[in-house]
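All figures in this text were calculated on a predicted structure; none of them were measured in a lab. In the text below, chain A, chain B and the rest are named by the order of the sequence lines, each starting its count at 1. Keep in mind that the numbers below use all heavy atoms, side chains included, and drop hydrogens, waters and symmetry copies.
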Amino acid sequence: MIVFGMLSALLVFFLIYPLLGLFYGVGMEKLIKVLQEREVYTSIWLTFKLSFFAVCFVLLTGVPLGYLIARYEFRGKVLLESLIDIPVMVPHTAAGIALLMAFGKGLLGLDVVDTPVGIMIAMMFLSAPFLINAAKEGFRKLDVRYEHVARTLGASPFQLFFSVLLPQVRNDIVNGALMMWSRGIGEFGAVVIIAYHPMVAPVLIYDRFTSYGLPYSAPVAAVMISLSAVVFLLIRLLNGNKRAF
Amino acid sequence: MLKVEALSLTIGDFRLKEISLSVAEGEYCVILGRTGSGKTLLLESIAGIHRLKGHVFLKGKEITSRPIEARRIGFVYQDLMLFPHMNVEQNIRFSDPYRPKTADPSRLEELVSLLHIGNLLTRDVCTLSGGEKQRVAIARALYAGPEVLLLDEPLSAVDPTGRDQIMKLLKSISKRYHIAVVHVTHNFREAACLADRMAILLDGAIVQSGETAEVLEHPKTLQAARFLGFKNIFQGSLLGMEAPHISIDPNAIKLYRDHQGIENLHEAILLEIGYAVDHYKLYVDLNGARLFLKMTKSVFDRLKLKEGERCYIQINKAGVLVL
């Protein structure tokens with residue numbers, strides 16, 4: 001156990017050290033000052049908001065998809081699962097190019113290039129697999145006989161999905177949604193190709209870094225990380241994980 | 001009330017073969033079979049979980065293509081499948097929104113009292129014992145107002161001390177609620193205690209069905225007799241009978257050391273002697289057949305038998321069952 005503890009501590013240090021270095025280098029005063037800049041907070045708000053919308057859309061569509069994959073055998077299932085995982089594997093810039101080629105002329109009458117819609121599409125395309133796979137694994141763990149019993153008690157498949165299945169896979173779905181949301185707010189490669197403007201936080205950090213250098217980009221990065229961490233902890237606490245701290 | 005006609009179903013390599021069954025209102029039917037004989041699959045097919053060939057009728061109406069939720073058939077699985085995100089009362093009242101006609105507080109009170117679960121209503125189902133879970137699962141199924149109750153090995157999760165109490169309870173349910181109960185198990189004792197009617201399911205086919213005593217005491221086929229643990233199964237020719245197979249009750253065989261002028265004795269060789277607390281288990285060779293019989297300790301001590309010795313046996317014909 002001591003060896004495990006030491007090895008774990010080594011990894012945790014490796015993960016935390018860059019963050020500590022960032023916050024130490026920026027300092028609290030600069031952090032608060034940057035947070036008051038309109039360009040920064042609107043950019044961060046836009047990032048959080050669009051990633052949240054992407055999560056909402058996939059909750060509505062990807063959770064049923066995860067259920068179908070977990071419960072049913074059908075032709076092309078393996079291919080479908082591979083397709084879902086593709087965005088995780090491809091370079092994000094390549095995904096951005098693909099999205100630009102597919103939706104460059106618009107989607108259902110909506111402009112995509114350099115619009116919030118385009119940003120949301122890019123975020124969703126690259127992060128949806130996290131939520132779909134989490135939901136799929138959650139449903140797969142659940143004994144199908146819960147559904148059979150619920151139906152003998154009068155519930156239709158649609159009704160029992162909400163009353164029996166979703167409450168039991170809630171943690172998997174919340175964790176998947178969190179993973180998707182965090183992956184969305186960190187998305188840069190695809191977003192920068194499909195919509196440089198309006199600037200989401202990762203694009204703003206990159207823009208400031210290339211235009212003005214580290215002293216101007218580091219505080220934005222620190223603010224972004226701090227706010228993301230706060231949202232993460234709040235959601236985990238609300239989901240009943242009392243040991244979040 | 002429940003009638004199953006020529007039900008067939010194939011899942012993977014396993015097949016339920018042309019099963020027909022009928023259970024009347026208030027009747028308790030036990031289907032006895034080995035593990036893997038298709039008992040659970042049969043219950044699931046009746047409940048509508050699998051698509052099947054054949055017909056299922058409830059109160060004279062065909063329900064074969066009706067969805068599960070519209071059948072009014074309750075199901076209690078071996079693993080009970082209580083919903084872990086709900087407490088005991090929420091589990092029992094799960095059907096309230098879907099079957100408002102049965103959502104009756106007095107029905108809940110009656111079940112709570114019958115099943116002695118009043119003190120459990122607010123408990124988390126994960127904290128219940130096997131017997132408590134069992135009673136909650138039965139209450140949940142009955143509360144939804146079923147016309148047929150299917151029980152899949154319902155006593156397997158209950159410790160032996162609580163079994164008799166739950167068996168008594170189960171036995172009373174069919175008459176009290178005027179429902180047909182179909183209970184599957186591999187346990188003979190459970191089946192004998194509970195069943196009004198019984199069927200033996202082996203390798204996906206019902207090999208015999210009928211009144212409990214008739215099925216348990218007079219198996220009609222070699223397969224059923226072997227499954228029910230009948231001993232000394234031989235070809236009828238062993239005793240000069242024309243029947244293809246016979247089974248001889250070990251208690252119907254008497255063993256003598258000497259001929260003593262008694263009629264109808266068969267010469268045999270004592271092969272093996274086994275001690276079993278209050279009696280001895282003896283194996284003799286009769287014309288090449290290995291015959292099993294029991295002997296009380298006092299008789300055995302008097303005869304002073306030894307393995308390999310010649311002896312004589314007498315078979316009471318009342319103990320010979322023609323298969």
Distance-only donor-acceptor screen, chain A against chain B, under 3.5 angstrom:
from: A:Arg145; atom 1: NH1; to: B:Asp79; atom 2: OD2; distance (Å): 3.2
from: A:Arg145; atom 1: NH2; to: B:Asp79; atom 2: OD2; distance (Å): 2.6
from: A:His148; atom 1: ND1; to: B:Tyr77; atom 2: OH; distance (Å): 3.2
from: A:Arg151; atom 1: NE; to: B:Glu69; atom 2: OE1; distance (Å): 2.7
from: A:Arg151; atom 1: NH2; to: B:Glu69; atom 2: OE1; distance (Å): 2.7
from: A:Arg151; atom 1: NH2; to: B:Glu69; atom 2: OE2; distance (Å): 3.3
from: A:Thr152; atom 1: O; to: B:Arg99; atom 2: NH1; distance (Å): 3.3
from: A:Thr152; atom 1: O; to: B:Arg99; atom 2: NH2; distance (Å): 3.4
from: A:Ser163; atom 1: O; to: B:His85; atom 2: NE2; distance (Å): 2.9
from: A:Ser163; atom 1: OG; to: B:Tyr98; atom 2: OH; distance (Å): 3.1

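With sequence neighbours left out, A:Phe158 forms a ring-ring contact (aromatic ring centres under 6.0 Å, His included) with A:Phe162. Take A:Phe52 and apply the ring-ring contact (aromatic ring centres under 6.0 Å, His included) test, not counting sequence neighbours, and it matches no residue.
Surrounding CE of A:Met6 are at most 12 heavy atoms belonging to other residues, nucleotides or ligands under 6.0 Å away. Within 6.0 Å of the CZ atom in A:Phe232, the count of heavy atoms belonging to other residues, nucleotides or ligands exceeds 12. A:Leu108 CG: 12 or fewer foreign heavy atoms inside a 6.0 Å radius.
Applying the side chain to side chain donor-acceptor pair (under 3.5 Å) test to pairs two or more places apart or on separate chains, none has a residue in residues 7-16 of chain A.
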Report task. Please test A:Val164 against B:Phe94 for side chain to side chain contact (heavy atoms under 4.5 Å, CB included), starting from the C-alpha separation and ending with a verdict. Result -> CA-CA 10 Å; A:Val164 175; B:Phe94 176 82; 3.5 Å; yes
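Contacts of B:Ile73 with chain A are made by backbone atoms alone, with heavy-atom separations under 4.5 Å and no side-chain atom involved. Heavy-atom distances place no part of B:Leu150 under 4.5 Å from chain A, backbone and side chain included. In this structure, chain A has heavy atoms under 4.5 Å from both the backbone and the side chain of B:Phe75.
Atoms CZ and CG, on B:Phe83 and A:Leu165 in that order, are 9.0 Å from each other to the nearest 0.5 Å.
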